[in-house]
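Note that ligands are numbered from 1 as they come in the structure, with each ligand's atoms numbered from 1 the same way. Keep in mind that the numbers below use all heavy atoms, side chains included, and drop hydrogens, waters and symmetry copies.
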Amino acid sequence: MYKIIDGKKIAAELRLKIKSDVSDFKKNTGRDIGLAVVLVGDNQASQIYVRNKIKACEEVGIKSFAYYMPKETSQNELNALISELALDENLHGILVQLPLPEHINSEEALKLIPESKDVDGFSANNIGNLCLNGKSLVACTPNGVMKMLEYEQINLNGKNSVVVGRSNIVGKPMAMLLLNANSTVTVCHSRTVNLKEHCLNADVIVAAVGKAKFITADMVKEGAVVIDVGMNKDENGRLCGDVDFENVKEKCSYISPVPGGVGPMTITMLMYNTYISASRSAN
Ligand code: NAP
């Protein structure tokens with residue numbers, strides 16, 4: 001018998017807690033918590049993500065400052081804005097919505113975000129701190145996965161965890177978080193030989209591949225925990241994950257669905273990181 005991990009419910013509960021923490025912060029310091037969101041260009045998906053982030057800020061009481069820049073914005077103009085935001089004491093987080101237009105070097109721009117305001121957790125210092133098990137702002141999606149596992153009290157100690165995908169924003173930090181939680185971690189990618197064997201050995205599978213229904217029932221052992229990070233379109237244009245949910249679920253002890261799984265956790269963890277950044281700056 002499997003249990004569906006309800007990311008929507010977990011995210012809603014977490015947001016209530018963040019809202020209360022934000023309210024306490026304001027009472028204790030007399031200050032607002034601020035998040036800058038920078039969007040360059042008119043990518044439709046990015047516009048939706050930015051809108052949702054601003055909405056989430058409103059929900060938890062964080063003050064958002066949106067900066068909409070035209071797609072012709074130059075590297076220097078973007079760099080100048082980020083450098084200015086970096087110095088603004090009213091801002092505790094800076095988020096530059098990716099992808100940036102092709103003529104902009106994302107790495108160069110993102111490097112200008114100070115580690116303490118890097119609420120996406122993408123900077124080299126924050127990733128380094130994560131590896132050293134130190135004080136870090138952790139990338140929102142993998143951190144959201146950890147909160148889901150924690151919420152369900154899934155014990156990771158000594159378990160075999162397989163992360164499928166090794167991107168800098170999901171797969172790699174995910175692997176590090178599982179390792180820090182004392183899992184034995186295998187990271188698979190497009191060059192992995194015998195992916196199925198690795199997956200069949202897993203107590204926990206985190207799929208972050210970007211391919212619809214990529215993880216099939218024959219790749220999953222009985223009783224495994226399966227977390228689906230993927231956000232893809234199925235043959236009917238509907239949102240679906242990397243896991244063939246309908247067939248895989250019967251083999252699982254826990255499984256997260258798409259939609260309603262990891263997705264709602266990501267923006268919630270952005271709110272969490274912004275609050276953490278503010279409370280660190282106040283101490
Ligand atoms: P990405 O940068 O494209 O990385 C995909 C990873 O999958 C790569 O490491 C790639 O291996 C690996 N891969 C591709 N084909 C494979 C195969 N046949 N076998 C094994 N591994 C394979 O993607 P991402 O940014 O990590 O995102 C992954 C998925 O998560 C996407 O669907 C994305 O939309 C979704 N996502 C969701 C959220 C959320 O909030 N729910 C947030 C972020 C991302 P190589 O490294 O060898 O190329």
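When only non-hydrogen protein atoms are considered, atom 11 (O) of ligand 1 lies nearest to Ser190 N, 3.2 Å. Taking atom 24 (P) of ligand 1 as the reference point, the nearest protein heavy-atom neighbour is Ser167 OG, 3.7 Å. At the top of the distance list for atom 29 (C) of ligand 1, counting protein heavy atoms only, stands Gly210 N, 3.7 Å. Shortest contact from atom 3 (O) of ligand 1 to any protein heavy atom: Val209 O, 4.4 Å. The protein non-hydrogen atom at the shortest distance from atom 44 (C) of ligand 1 is Val170 CG2, 3.9 Å. Here the protein heavy atom with the shortest distance to atom 40 (O) of ligand 1 is Thr266 OG1, 2.7 Å. The single protein non-hydrogen atom nearest to atom 21 (N) of ligand 1 is His189 C, 3.1 Å, given as residue, atom name and distance. Of all protein heavy atoms, the one closest to atom 8 (C) of ligand 1 is Arg166 N, 3.9 Å.
Other residues, nucleotides and ligands contribute more than 12 heavy atoms inside 6.0 Å of the NZ atom of Lys221. Annotation: Glu235, atom CD; neighbour count of heavy atoms from other residues, nucleotides and ligands within 6.0 Å is above 12.
Counting only N and O atoms by type, the side chains of Glu115 and Asn129 include a donor and acceptor under 3.5 Å apart. In this model, a donor atom of one side chain and an acceptor atom of the other lie less than 3.5 Å apart for Asn79 and Glu108. With no hydrogens or angles considered, a side-chain donor-acceptor pair links Asn232 and Asp242 at under 3.5 Å.
Close contacts of ligand 1 with Gly263, meaning ligand atoms under 4.0 Å from a residue heavy atom, involve 41 (N). Per-residue contacts place Asn232 under 4.0 angstrom from the following atoms of ligand 1 (heavy atoms of the residue considered): 32 (O). Of all atoms in ligand 1, numbered sequentially from 1 with element shown, those under 4.0 Å from a heavy atom of Phe214 are 17 (C), 18 (N), 19 (N).
Residue Ile169 touches ligand 1 through its side chain alone, judged by heavy-atom distances below 4.0 Å. Residue contacts with ligand 1 for Met265 are absent, since no atom lies close enough (heavy atoms, distance under 4.0 Å).
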Exercise. Can you list the steps and then say if Asp218 with Thr216 is a side chain to side chain donor-acceptor pair (under 3.5 Å)?
Worked result: CA-CA 6 Å; Asp218 60 330; Thr216 47; 2.6 Å; yes
Problem set entry | Pair Asn52-Ile48, side-chain contact (heavy atoms from CB on, under 4.5 Å): steps then yes or no | CA-CA 6 Å; Asn52 289 340; Ile48 295 171; 3.7 Å; yes
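No heavy atom of Gly171 sits closer than 4.0 Å to any atom of ligand 1.
Considering backbone and side-chain atoms together, Met231 places an N or O closer than 3.5 Å to an N or O of ligand 1.
Hydrophobic clustering (side-chain heavy atoms under 4.5 Å, transitive across Ile, Leu, Val, Met, Phe, Trp, Tyr) keeps Leu110 apart from Tyr49.
A salt bridge is defined here as a Lys NZ or Arg NE, NH1 or NH2 lying under 4.0 Å from an Asp or Glu carboxylate O, and Lys249 with Glu246 meets this definition.
No donor-acceptor distance shorter than 3.5 angstrom exists from the side chain of Asn194 to the backbone of Glu197, with no hydrogens or angles considered.
Of the candidates Val229, Leu98, Asp228, Thr141, it is Val229 that places a heavy atom closest to atom 37 (C) of ligand 1.
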